[in-house]
Amino acid sequence: STASPFAAALRILEKGEDTELQTDGTALFLGDKLAGYLSADQSTGLLLMRGEAAEGTQVAQVEEIGRVSYSLTGCKSDITVTQEDGQPHFQIDVSVTANLYELDGVPGEQLPKDSFDRFRTTLEHQLDALCNQTLSACVTEYHCDPLNLGRHLRNQQTELYHKALDAWPQ
């Protein structure tokens, strides 16, 4: 069970006589065959779980605050494998700093005192849901391992790895 390769999916846009190349998510491979595509959001989820998310503008809708624009920096991740009922259990911890830089709202309007806590909670829930959706797409839908889960299993739970090897998608 080796890691599944992945690469930026590119799209060619033609604008009159000009041609532009844009990234359009992530292509996932199973061996040397294309297995599927992750959306731009899912690509962010993949990079977060790999600890490789680069700085980029994001927007969150926060209750009683409105739209909040922010960027993520200092992304780190850690994958821990434990055994539960004879099955591998993967814990993926992601740590990232969010830098707020814009709030939609009425100028001069006072924010609720717990605004930053609300933002943190909203962001944690959104990123958790994004990572779970991305992991499900990679493993369940496309049968790919771009997070090196097989390597983590082998390194952290060697005996369980050998038991699971026959069932692990190639």
Side-chain angles (χ1 to χ4, degrees), residues 1-12 21-62 68-100 117 119-170:
S1 66
T2 59
S4 300
F6 61 94
L10 302 175
R11 177 175 34 165
I12 298 174
L21 194 60
Q22 289 184 342
T23 58
D24 190 29
T26 300
L28 296 173
F29 295 88
L30 193 54
D32 62 351
K33 297 191 181 354
L34 178 66
Y37 292 98
L38 296 179
S39 69
D41 284 342
Q42 290 171 324
S43 298
T44 299
L46 176 60
L47 293 174
L48 283 166
M49 290 185 289
R50 289 179 58 88
E52 299 172 355
E55 188 171 328
T57 302
Q58 306 285 329
V59 177
Q61 185 70 33
V62 181
V68 178
S69 298
Y70 62 94
S71 64
L72 299 176
T73 59
C75 183
K76 296 177 185 172
S77 69
D78 183 53
I79 299 176
T80 305
V81 185
T82 58
Q83 188 174 160
E84 293 182 10
D85 297 323
Q87 297 296 315
H89 176 78
F90 298 89
Q91 175 71 39
I92 304 171
D93 295 311
V94 176
S95 171
V96 66
T97 299
N99 300 301
L100 289 107
D117 290 334
F119 172 71
R120 179 187 356 254
T121 300
T122 298
L123 185 57
E124 285 173 353
H125 288 176
Q126 285 181 353
L127 294 180
D128 185 58
L130 175 61
C131 289
N132 283 322
Q133 177 199 32
T134 302
L135 183 60
S136 178
C138 290
V139 175
T140 306
E141 187 174 345
Y142 301 122
H143 307 289
C144 293
D145 184 16
L147 295 172
N148 298 311
L149 298 176
R151 181 178 53 91
H152 287 283
L153 178 61
R154 184 186 68 228
N155 291 344
Q156 296 177 39
Q157 296 285 331
T158 306
E159 187 176 314
L160 184 58
Y161 168 79
H162 289 293
K163 286 180 184 177
L165 191 57
D166 292 334
W168 196 270
Q170 297 300 316

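As the structure is a computational prediction, the values presented were derived from the model and not from experiment.
Note that CG of L38 is 6.5 Å distant from OG1 of T134, once rounded to the nearest 0.5 Å. Note that SG of C131 is 11.0 Å distant from CD of Q42, once rounded to the nearest 0.5 Å. The CG atom of L30 lies 12.5 Å from the OH atom of Y142; values are rounded to the nearest 0.5 Å. The structure places CG of L123 at 6.5 Å from CG of L72, a figure rounded to the nearest 0.5 Å. How far CG of L47 is from SG of C75: 8.0 Å, rounded to the nearest 0.5 Å. With values rounded to the nearest 0.5 angstrom, L160 atom CG is found 4.5 Å from Q83 atom CD.
Listed by chain and residue number, V94 satisfy the side chain to side chain contact (heavy atoms under 4.5 Å, CB included) test with S77 (two or more places apart in sequence, or in another chain). Partners of D93 by salt bridge (Lys or Arg N to Asp or Glu O under 4.0 Å), not counting sequence neighbours: none found. Listed by chain and residue number, F119 satisfy the ring pair (Phe, Tyr, Trp, His ring centres under 6.0 Å) test with Y70 (two or more places apart in sequence, or in another chain). Scored by the side chain to side chain contact (heavy atoms under 4.5 Å, CB included) test, E84 finds T82, H89 as partners (sequence neighbours excluded). Scored by the side chain to side chain donor-acceptor pair (under 3.5 Å) test, T140 finds no partners at all (sequence neighbours excluded). Applying the salt bridge (Lys or Arg N to Asp or Glu O under 4.0 Å) rule to D32 yields no partners; only residues at least two apart in sequence or on another chain are considered. Here D41 pairs with S39, L130 under the side chain to side chain contact (heavy atoms under 4.5 Å, CB included) rule; sequence neighbours left out. Take S69 and apply the side chain to side chain donor-acceptor pair (under 3.5 Å) test, not counting sequence neighbours, and it matches no residue. Checked against side chain to side chain contact (heavy atoms under 4.5 Å, CB included), Q156 has the following partners two or more places apart in sequence or in another chain: T80, V81, H152. In this structure D24 satisfies the side chain to side chain donor-acceptor pair (under 3.5 Å) test with no other residue, sequence neighbours excluded.
Around the CD atom of E159, the shell of radius 6.0 Å holds no more than 12 heavy atoms that belong to other residues, nucleotides or ligands. Residue L21 qualifies as enclosed at atom CG: its count of foreign heavy atoms under 6.0 Å is above 12. Counting heavy atoms of neighbouring residues, nucleotides and ligands inside a 6.0 Å radius, atom CZ of F29 exceeds 12 of them.
For the pair T23/L10, a side-chain contact is recorded, criterion being any heavy-atom separation below 4.5 Å from C-beta on. Between L46 and P146 there is a side-chain heavy-atom pair separated by less than 4.5 Å.
Screening residues 43-54 for side-chain hydrogen bond (donor to acceptor under 3.5 Å, both in side chains), with sequence neighbours left out, gives T26-S43, R50-E52.
Nearest approach of T73 to V96, heavy atoms of both residues: O-CG2, 3.4 Å. Counting all heavy atoms, side chain and backbone alike, F90 lies closest to L149 at CE2-O, 3.5 Å.
In this structure a side-chain-to-backbone donor-acceptor pair under 3.5 Å is present from T121 to D117. Judged by distance alone, with hydrogens and angles left aside, the side-chain atoms of Y161 form no donor-acceptor pair with the main-chain N or O of G150 at under 3.5 Å.
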